[in-house]
Number of protein chains: 2
Amino acid sequence: PDPEIRRKALRHWNNLTKPLGSLGRLEETAIRLAGITGEVVPDLSRKAVLVMCGDHGVAEEGVSAYPQEVTGLMIDNFARGGAAINVLARRFGAELVVVDVGSKAKKLPPSVIDRRVRPGTANMTAGPAMTREEALQALDVGIDRVEELVRGGVRMIAIGEMGIGNTTAGTAIAAVFTGRPVEVLTGRGTGIDDRAVLRKREAIRRAIEVNRPDPADPIGVLAKVGGLEIAGMAGAVLGAAAAGIPVVLDGMISTAAALAAARLLPEASEYLFASHLSAEPAHRFMLEELGLRPLIDAEMRLGEGTGAVLCFPLIDGALSLAREMATFADLGLAGPAEERAQHESDS
Amino acid sequence: PDPEIRRKALRHWNNLTKPLGSLGRLEETAIRLAGITGEVVPDLSRKAVLVMCGDHGVAEEGVSAYPQEVTGLMIDNFARGGAAINVLARRFGAELVVVDVGSKAKKLPPSVIDRRVRPGTANMTAGPAMTREEALQALDVGIDRVEELVRGGVRMIAIGEMGIGNTTAGTAIAAVFTGRPVEVLTGRGTGIDDRAVLRKREAIRRAIEVNRPDPADPIGVLAKVGGLEIAGMAGAVLGAAAAGIPVVLDGMISTAAALAAARLLPEASEYLFASHLSAEPAHRFMLEELGLRPLIDAEMRLGEGTGAVLCFPLIDGALSLAREMATFADLGLAGPAEERAQHESDS
């Protein structure tokens, strides 16, 4: 990101007909986007949501409200256009790209990109979810896909996921990177009851005890207690940072992926935007680690990139304001120049 | 609102291909809208934002960062299409209706509806802001305008305001209805410094001491420490409740108006939706009084209905999901019937 363009964007916002800073984090978002794109008022109308899919061996511990087959059924649903993310992507003008990084689905619909590294992870309570080599392959899937999208003209991406059992993996990653207790971080995922929450906590604890993931080795963390779609999303973040485009995170699991990516490549965090605050307790702590604050607070916990794409119109709205609002000069006013000077020196 | 339609809407949402309740407060919002409109999946594409304007005698106490003339300049800006609310209303498909309920503007642009009750309120630190009769006239302005809009086919409204000095009045109303201390409630409004915050608190305290507004007499509260545009917005809420259409609130000041309306007519609160949580401290406490939780949290403090209209795409998105998502039956699945039954009995 270019600090000079960011300063220019701040000056632009301060000349618009409103009290200084009164559009709050909408302004901040637009100013960060200016720095990333190198344009004071960027055009981000070409955007995509990347939904990464994978199955989880840990599902056999009874940690989800749904059987593992649902991953494949939802992949079919994405292809048929009936899932929540299809509706929101259509509504808010985002291209939907579904990539299978490792589901156990028997047969994939033609519109789904088949980059399966392996048919689901191993049960991480008994050993690593995948090998280090497999984690690197999954990262590559995300890197490649973003490269491809950027080549096709996409200027902003959202990331999301589908994979029965993946809040268990996401929470394990959160525990490793934030150091917070598993009891505090573990939520109800797709909607499990109290007994299943206990099983889930126990599975996460065992996975960490058995695998001893080292937070200083993010690829090791992804391999030991992660997931194929999670590593794929982490790769997408790395790819976006390399290409210099913004990435809008979804909920807890995509944020776990982004946190792993930011630990690998700290500059990547400059390209990250939080969308919503999930109902999953681990989400908040990982957003804090990343220094991000979401714009939406709706207790969503669906995944698929739904919260991220729901944030697109807010971002679009912020950029429209930057593009179309009148300036103080248009109204024949000087604007609050002294305050403006002070505001700039603060930031 | 019709509880039977609400139950039908809940059943509809529970059959969509997602974990039960996983769209959080988007679902709740859509289900409440079903109850209000009597349609399981309402069509609310015809919507409007009503911006009420008025001047405040208390501005002479030095409580704002801007001179009083800015109210009139911003009315011109609305007419020219250059204000933030113009941009967002265009972007998100809302009709913009600007009503002057009592500014001191010399000349109004023809597109602004002139319903001036008086040229600004009196300084409330020395006596009532207006007479009871004037407050009733201002309420009528809002009631009439919503009636008109509904007659024209509008099915959902947002309310917002413009008026230099009106966070001082809004905070005074908040103090009266919530009983919280003025120090806790008073914020920086358009962006005042510490000394002006002290003047603002003192003005609010004096206004309450001099006028002794009685929270059991909401019209008296509006007359004594309110504003013409605030009473106008309270009238709009009453009009919307009478017509049975949803009202999306904006920030602190529109919420003060809605709280007054809900104290006059408790059923009105069933038609209210919070949009965003403002940076103004009084907002949170009034939303709690009303039992509302906003979907957006962006530290906005602009007013004009900007936060409310920014929430429209989220509401539209929720209704699109209800309309277009596949059901479990579409995928050949039964859906989580037991949990569903439990969920219904909880609500």
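Within every chain, numbering begins at 1; the chains are lettered A, B, ... in the order of the sequence lines, protein sequences first and strands thereafter.
- Counting heavy atoms from C-beta on, the side chains of Arg80(B) and Leu331(A) come closer than 4.5 Å.
- Rounding to the nearest 0.5 angstrom, the gap separating the CZ atom in Arg301(B) from the CG atom in Leu20(A) is 8.0 Å.
- Proximity to chain A (any heavy atom under 4.5 Å) is shown, for Asp330(B), by both the backbone and the side chain.
- Here the CG-OG distance, from Asn86(A) to Ser320(B), works out to 12.5 Å after rounding to the nearest 0.5 Å.
- From Leu26(A), atom CG reaches atom CD of Glu299(B) across 10.5 Å, with rounding to the nearest 0.5 Å.
- Here the side chains of Leu321(B) and Leu88(A) are in contact, with some heavy-atom distance below 4.5 Å.
- The minimum heavy-atom distance between Asn77(A) and Ala326(B), with the atom names listed, is OD1-CB, 3.6 Å.
- Rounding to the nearest 0.5 Å gives a distance of 12.0 Å between OG1 of Thr190(A) and NZ of Lys18(B).
- Both the backbone and the side chain of Asp316(A) have a heavy atom closer than 4.5 Å to some heavy atom of chain B.
- Contact of the Leu302(A) side chain with the Pro19(B) side chain is registered, since non-hydrogen atoms from C-beta on lie closer than 4.5 Å.
- Looking at Arg293(A), the atoms closer than 4.5 Å to chain B (heavy atoms on both sides) all sit in the side chain, from C-beta outward.
- In this structure, chain A has no heavy atom under 4.5 Å from any part of Arg188(B).
- Using a cut-off of 4.0 Å between Lys/Arg side-chain N and Asp/Glu carboxylate O, Arg91(B) and Glu324(A) are scored as not salt-bridged.
- Contacts of Glu28(B) classified as side-chain hydrogen bond (donor to acceptor under 3.5 Å, both in side chains), with partners at least two apart in sequence or in another chain: none.
- Using a 4.5 Å cut-off between heavy atoms, Ala84(A) touches chain B through backbone and side chain atoms alike.
- In this structure, Leu310(A) and Leu314(B) have side chains that are in contact, with non-hydrogen atoms separated by less than 4.5 Å.
- Scanning all heavy atoms of the two residues, the minimum distance from Ala298(B) to Leu295(A) falls at CB-CD2, 3.8 Å.
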